Number of protein chains: 2
Amino acid sequence: MRIGELAERAGTTTRTLRYYESRGLLPARRAVNGYRTYDESDLRLLRQIRTLQDFGFDLEETRPFVECLRAGHPAGDSCPASLAVYRRKLGELDGLIGELQSVRAQVGAQLAQAEAARAGLAAEAEVPGGPEPRCELTPHKSTPHKN
Amino acid sequence: MRIGELAERAGTTTRTLRYYESRGLLPARRAVNGYRTYDESDLRLLRQIRTLQDFGFDLEETRPFVECLRAGHPAGDSCPASLAVYRRKLGELDGLIGELQSVRAQVGAQLAQAEAARAGLAAEAEVPGGPEPRCELTPHKSTPHKN
DNA sequence: GTAATCCTTGACGCCGAGGTCAAGGCAAGG
DNA sequence: CCTTGCCTTGACCTCGGCGTCAAGGATTAC
């Protein structure tokens, strides 16, 4: 199998395969004419890489899985080094998710507060005398704009 | 106030301020000698930008907030455009958090499965005859290695 | 023969948010 | 006068994972 076919079967591009080879991840045999030659096991390696990439692993993190497969193990995650990557990744994910949830909460609070402020101003504008003092906001400044 | 002082007071660098200016976010007046000159309101703008950046907003997303402040509003999020950015960001965050949780679950499952497989192999190796058939895994192939 | 597809290597582009020189101007203290 | 420390613009570097030419060789189809 040549590079174009492998790329198509893996749902990627030839550029990507050459890039992986340049990184030492997916070396290729060569035909007499210099063309890269691949077999089914290369397809398995490639699929392993792609799966992990889809999970957000970067290329270097896929290396233990690929080496594990090339060592003849039944799965890319049959080796301790791969499990270590899994665990590290879980930690990273948990940290990242936590951060994002914290940010989400803060942004949500900001939005709520800003919406409440706008609602307050709108109510004030509707009845120029100041309708019913809604909360503890000092209602004596009509609009804080500085036109 | 000159650029170095503003940078220091905002906890950032002069390079960053010049970058913001190049993006049209934080224009500066100039002294006769060509030095950039800032005042307290610029510090407020800058702090608004930095806060949002810390939340993961990219520079373009901070623009409505900055313009809102420059328009004389009391807060960067006093304007509808800013609220729209908040809402869009909340949606993005929710989507991202969901994806990450999905990935986390999948990676966790992969890890659990791989650990179980290794435990199975270890147990098999310990008692070569096959101890108690732990699950439905066909126990007749000693080790699937291809040495 | 030649056109159409493959393939090869090499090299530059992209994205965001700045970092890091380089070469030179301006102000103040000793 | 000279040094020191701030400032100026300009231009290239970083990182990851490729995309996108460019120029040319190999194979197949007609």
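Since we're looking at a predicted model, the values are computed, not measured. In what follows, every heavy atom counts, from backbone to side chain, and hydrogens, waters and symmetry copies are set aside. All chains are named by letter (A, B, ...) in the order of the sequence lines, taking the proteins before the strands, and each is independently numbered beginning at 1.
Phosphate contact (OP1/OP2 of C:dG13, side-chain N/O of A:R15, threshold under 4.0 Å): absent. Phosphate contact (OP1/OP2 of C:dG18, side-chain N/O of B:Y20, threshold under 4.0 Å): present. Taking 4.0 angstrom as the limit, A:T13 places none of its side-chain polar atoms (N or O) nearer than this to OP1 or OP2 of D:dC18. At D:dT9, one or more side-chain N or O atoms of B:R36 fall inside 4.0 Å of OP1 or OP2 (strictly under the cut-off). For the OP1/OP2 pair of D:dG19 and a distance below 4.0 Å, the side-chain nitrogens and oxygens of A:T16 include at least one atom meeting the criterion. Of the side-chain N and O atoms in B:Q53, one or more sit less than 4.0 angstrom from OP1 or OP2 of C:dG18.
Checked against C:dG16, C:dG25, D:dG25, the side chain of B:D58 finds its nearest nucleotide in C:dG16. Distance from the side chain of B:Y35 is smallest for D:dT8 among the nucleotides D:dC12, D:dT8, D:dG19. Taking every side-chain heavy atom of B:R2 into account, D:dC7 is the closest of C:dT8, D:dT9, D:dC7.
Annotation: of the two residues near DNA chain C, B:Y19 and B:N33, the 5′-most nearest-nucleotide partner is B:Y19.
Protein atom CG of A:L17 is 11 Å distant from nucleotide atom C1' of D:dC18, rounded to whole Å. Residue A:L25 contributes atom CG, which lies 12 Å from atom C1' of D:dG17 at whole-angstrom precision. When rounded to the nearest whole Å, the span between CD of B:E8 and P of D:dG5 equals 15 Å. Following rounding to the nearest Å, B:L52 (CG) and C:dA17 (P) show an atom-to-atom distance of 12 Å. The distance from atom CD of A:E21 to atom P of D:dG17 is 17 Å, rounded to the nearest whole Å. The CZ-C1' distance, from B:R23 to C:dC15, rounds to 12 Å in whole Å. Atom-to-atom, CZ of A:R29 to C1' of C:dT8 comes out at 18 Å; the value is rounded to the nearest Å. Atom-to-atom, CZ of A:F57 to P of D:dC18 comes out at 15 Å; the value is rounded to the nearest Å.
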Please walk me through it: do A:R63 and A:E60 pass salt bridge (Lys or Arg N to Asp or Glu O under 4.0 Å)?
CA-CA 5 Å; A:R63 197 180 293 276; A:E60 274 316 305; 2.7 Å; yes
Just do the salt bridge (Lys or Arg N to Asp or Glu O under 4.0 Å) check on A:D42 and A:R9 with the steps written out, would you?
CA-CA 11 Å; A:D42 292 314; A:R9 289 182 63 184; over 6 Å; no
Is there a salt bridge (Lys or Arg N to Asp or Glu O under 4.0 Å) between B:R88 and B:E92 once you walk through the steps?
CA-CA 6 Å; B:R88 195 158 50 70; B:E92 282 176 25; 3.3 Å; yes
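The number of heavy-atom neighbours closer than 6.0 Å to CD of B:E8, taken from other residues, nucleotides and ligands shown, is 12 or below.
Side-chain atoms of B:R18 and base atoms of D:dT8 include no donor and acceptor less than 3.5 Å apart.
Between the side chain of A:D94 and the backbone N or O of A:G91 there is no donor-acceptor pair closer than 3.5 Å.
Residue contacts for B:R30: at a heavy-atom cut-off of 4.0 Å it reaches the sugar-phosphate backbone alone, with no base atom in range.
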